[in-house]
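Just below is one structure, and these are the notes that go with it.
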Amino acid sequence: MKIRWATFEEIERDVDPALVARGWAKLNQETCRVLAAFAEDDGHMVEFFVLQLFPLLGPMLRVDNELRDAGETSRSLASDMYDYLMKEDARGFLATVDSPVTERLCKRFGMTRLESPVYGFMADKKAEV
């Protein structure tokens, strides 16, 4: 196997169709890199691993608990963020849901709770590989 970064053309030809066939979104080539393994004999792509910037929403945190507005500020922030993501043609986004309010907002905007396990990595912690 030869491992190298895939070109834009290889992403369009090999990666995007594989993603779409599984019902997943195509990649935004402006915000991703694809590390791929290619067969030595004919150079076809065998496997790939994607690094992508995918918007992660949150946290949303109220820092002034004295001023109450029945959730109007939270709804306005969520609505404006949604409008921005749509205007920028985001291919998708994730949200950290750490409160019932956040969950209600996600549902209001048609977000779906993911079944796949999601793992995180904090840059200040080094993996012992």
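Only a predicted model underlies this, so the values are computations on that prediction, with no experimental measurement involved.
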- Message: Testing the basics here: between Val46 and Ala39, what is the closest heavy-atom pair and its distance to 0.1 Å?
- Response: CG2-N, 3.7 Å
- Remaining members of hydrophobic cluster (4.5 Å side-chain criterion), Leu51: none
- Note on the structure: Residues at least two apart in sequence or cross-chain that pass side-chain contact (heavy atoms from CB on, under 4.5 Å) with Asp89, listed by chain then number, are none
- Message: Could you work out, with side chain to side chain donor-acceptor pair (under 3.5 Å) as the rule, every residue matching Asp83, not counting sequence neighbours?
- Response: none
- In short, ring pair (Phe, Tyr, Trp, His ring centres under 6.0 Å) pairs touching residues 76-99 with sequence neighbours left out are Tyr82-Phe109
- Does Leu61 sit in a hydrophobic cluster with other residues, and if so which ones, taking ILVMFWY side chains as linked at heavy-atom separations under 4.5 Å, directly or through other members? Val63
- Which pairs, with at least one residue in residues 54-76 and sequence neighbours excluded, count as a side chain to side chain donor-acceptor pair (under 3.5 Å)? Asp69-Thr73
- Just how far is it from atom CG of Leu94 to atom CG of Leu57, taken to the nearest 0.5 Å? 8.0 Å
- Note on the structure: CG (Leu35) and CD1 (Ile3) are apart, to the nearest 0.5 Å, by 6.0 Å
- Beyond-backbone contact of Met60 with Leu105, side-chain heavy atoms, under 4.5 angstrom: yes
- With sequence neighbours excluded, what pairs up with Arg4 under the side chain to side chain donor-acceptor pair (under 3.5 Å) test? Glu10
- Scan for side chain to side chain donor-acceptor pair (under 3.5 Å) pairs involving residues 26-40, sequence neighbours excluded, and state none if there are none. none
- Item | Any side-chain heavy-atom pair of Val34 and Asp14 under 4.5 Å | no
- Selection residues 2-30 - residue pairs positive for ring pair (Phe, Tyr, Trp, His ring centres under 6.0 Å), sequence neighbours left out: none
- In chain order, what residues pass the side-chain contact (heavy atoms from CB on, under 4.5 Å) check against Val97, with sequence neighbours excluded? Thr102, Glu103, Cys106
- Search all heavy atoms of Pro17 against all heavy atoms of Ile11 and return the closest pair with its distance. CD-O, 4.2 Å
Just distance, no hydrogens or angles: give the donor-acceptor pairs under 3.5 Å from side chains in residues 111-118, sequence neighbours left out.
none

- Message: Taking CE in Met81 as the centre, count heavy atoms belonging to other residues, nucleotides or ligands within less than 6.0 Å. Is the count above 12?
- Response: no
- Query: Tell me, which pairs form a ring pair (Phe, Tyr, Trp, His ring centres under 6.0 Å) where one or both residues lie in residues 38-70, sequence neighbours left out?
  - Reply: none
